[in-house]
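Take a look at the structure below.
Here is the naming used below: chain letters follow the sequence lines, and residue numbers restart at 1 for every chain. Since we're looking at a predicted model, the values are computed, not measured.
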Protein chains: 2
Amino acid sequence: MPNIEHTEDRYRVQSVARAAALLELVADAGPQGLGVTEMAQGLGVAKSTALSLSRTLAHAGLLRSLDVGARYGLGLNLLRLGDLASQQTSIGELGLPVLHQLSQATGMTARLAINENGYPIFLERVDGGGPVRFHAPLGQREEPHCTAAGKAILAQMDEASVRQLIEEAGMRVHTPKTLRSVEELLHDLERARQVGFALDDEEEAEGVFCVGAAFFDHQGRCAGALSVTDLKLDVPLREVQALGQSVHAHAERLTTILSGSRRMARR
Amino acid sequence: MPNIEHTEDRYRVQSVARAAALLELVADAGPQGLGVTEMAQGLGVAKSTALSLSRTLAHAGLLRSLDVGARYGLGLNLLRLGDLASQQTSIGELGLPVLHQLSQATGMTARLAINENGYPIFLERVDGGGPVRFHAPLGQREEPHCTAAGKAILAQMDEASVRQLIEEAGMRVHTPKTLRSVEELLHDLERARQVGFALDDEEEAEGVFCVGAAFFDHQGRCAGALSVTDLKLDVPLREVQALGQSVHAHAERLTTILSGSRRMARR
DNA sequence: GACACGCGTTCTGTGATGCCGAACAGACGG
DNA sequence: CCGTCTGTTCGGCATCACAGAACGCGTGTC
């Protein structure tokens, strides 16, 4: 579904591709898992094929059988592998301490996203102390136009690239406050550049307020963005400026870490 | 030489099993990733085979190419899948079988608590065979200083964190035997660390005796604790040592389950 | 500068193997 | 006691994954 099938990829192993699709299928199925029959029709293969695939994946710990040998859910090895994946992505590893500091300094849920061709992908998350937990999945490509991290990243691109990206990504409307036009977006990005941080003022979800700022790698390229999230109610307007400066400062700190303490952010 | 060989699993897809082994291989390789040649000799297959596998996995987002098309590291989709796996996996569910075994082995009421910032929250409970049922609410945050599970968790934290937590939580006095000072508590925790289990000797309720031991997640963090409860009358002093060892052993069993049980094939 | 060696990549033939489909065995529920 | 769900088994054909040799390319070494 999110993945368009095959870019004319030669060298592709059918059964492995099916196995990967099966993982996605099981992930979407939720906690109750999937049975062999459901897998089979979800993948469009015979039941016996689905059985072989699931058995093999289960043996590798990528799936696990929920009941005794009947339904399958995601396996615990995925936990370990996912954890290693974020560690091995040096940004995730290097950014985690900064993220903790940011969370502690603001008391809010802090997240770190990397820049993948203009899209933010969240690698790490540190919950704030508050009672409210936010739905904040990791490893997922989020939308650029309505998230603080996304706009912080977009603000570092030139206008032509932004237009092209939005052309491709679209601008889904989530709330009444979601920006509707590229012009509106570009204007907002200009403002973000001037103050050094981007806002998501109930643009993705009602009642949720985010502040984001970009950080840069050793070549000065925008490597990603930090953001903090909280209920709009809990963010007095007069504090937004201070909050933004804090996020910006932490992003700059991360920039100096990533660049070997040589170069500063490109504005 | 065939290092990962299986327990006579009939339905097994060779290429998928190899793909899974490849994921492990890349995970062990660390941040710099693996090249095709290394994968090939690591798996014991031809280079072209390794190429097909890695391309397929990369297309599914389970691997990602680090340089342009050369070396491969773990993919970001693993992050998302791992995150989902942890959401969909309740520790309680995994621990339930162990809990049953523990209850059966000891004949006592067994409980499982997760560690939430040092506080124990009981998720599951299995009643022993005896006539007495204990008031043991689930899903509720209990006090750390006077419960076996709480002290088992505390025993895994450093002294400063314990002091800070107790500062915040206080030490309500329930019985004459309830510990009164942080020093007393720290001393008790030190003893618990040495023997591998914590005791609650009528400290929360008179006549009630508990033994607890911590278990750990795939990162080695203390994820929670198991405990057993009975009337003090029914626990002869000489049995405490054996009881503690049993609880400790079951907690260890749960730890191996939670940490992904990789490499379970031993020929 | 030429050479050799390492890398990743390409291509093609072949036989192992993944795949389907049909049949089987329990578990429910009418 | 059937009909209809499951998950499981098995055999056989065609596919598809696999190996291996050859290619292009960048590196390092005389």
Original post:
If we ignore angles and hydrogens, is there a donor and acceptor under 3.5 Å between the side chains of B:Thr106 and B:Ser246?
Top reply: no
**OP:** Tell me yes or no: between the side chains of A:Arg253 and A:Gln101, is some donor less than 3.5 Å from an acceptor?
**Re:** yes
Side-chain N or O of [X] versus OP1/OP2 of [N]: is the shortest distance under 4.0 Å?
X: B:Ser15; N: D:dC16; result: no
X: B:Tyr11; N: D:dT9; result: yes
X: B:Arg18; N: D:dC18; result: yes
X: B:Arg12; N: C:dC19; result: no

**OP:** Compare the minimum distances between each of D:dC18, D:dT8, C:dG8 and the side chain of B:Thr49, then state the nucleotide with the smallest one.
**Re:** D:dC18
**OP:** Report the residue (B:Ala50 or A:Thr37) whose heavy-atom-nearest nucleotide on DNA chain D is the more 5′ of the two.
**Re:** A:Thr37
**OP:** Nearest-nucleotide wise, let me know which of A:Val16 and A:Glu38 is further upstream toward the 5' end of DNA chain D.
**Re:** A:Glu38
Subject >> Side-chain donor/acceptor of A:His145 to backbone N/O of A:Arg172, under 3.5 Å >> reply: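 It does hold such a pair.
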Original post:
Which angle, rounded to 10°, do you find between the first-five-pair axis and the last-five-pair axis of the helix from C:dG1-D:dC30 to C:dG30-D:dC1?
Top reply: 30°
Original post:
Can you find a donor-acceptor N/O pair under 3.5 angstrom joining the side chain of A:Lys47 to the base of C:dG21?
Top reply: no
Subject >> Donor-acceptor pair present, B:Ser48 side chain and D:dG20 base, under 3.5 Å >> reply: yes
In residues 34-41 of chain A, what donor-acceptor pairs under 3.5 Å come from side-chain atoms, sequence neighbours left out?
residue : atom : partner : partner atom : Å
A:Glu38 : OE1  : A:Gly35 : N            : 2.8
A:Glu38 : OE1  : A:Arg71 : NH2          : 2.9

Round to the nearest Å and state the distance from [X] atom [atom1] to [N] atom [atom2].
X: B:Arg55; N: C:dG8; atom1: CZ; atom2: C1'; result: 9 Å
X: A:Leu51; N: D:dT9; atom1: CG; atom2: P; result: 8 Å
X: A:Arg71; N: D:dT6; atom1: CZ; atom2: C1'; result: 10 Å
X: B:Tyr72; N: C:dG8; atom1: OH; atom2: P; result: 10 Å
X: B:Gln41; N: D:dC18; atom1: CD; atom2: P; result: 18 Å
X: A:Gln14; N: C:dC20; atom1: CD; atom2: C1'; result: 12 Å
X: B:Leu53; N: C:dT17; atom1: CG; atom2: P; result: 14 Å

**OP:** Would you mind checking if A:Glu116 and B:Arg64 are paired as a salt bridge, meaning a charged N to carboxylate O distance below 4.0 Å?
**Re:**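 Not counted as a salt bridge, because no side-chain N and carboxylate O are separated by less than 4.0 Å.
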Subject >> Residues A:Arg163, A:Glu167: salt bridge by 4.0 Å N-O rule >> reply: no
Subject >> Side chain proximity check, B:Leu23 to B:Leu63, heavy atoms < 4.5 angstrom >> reply: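 Yes - at least one pair of side-chain heavy atoms lies under 4.5 Å apart.
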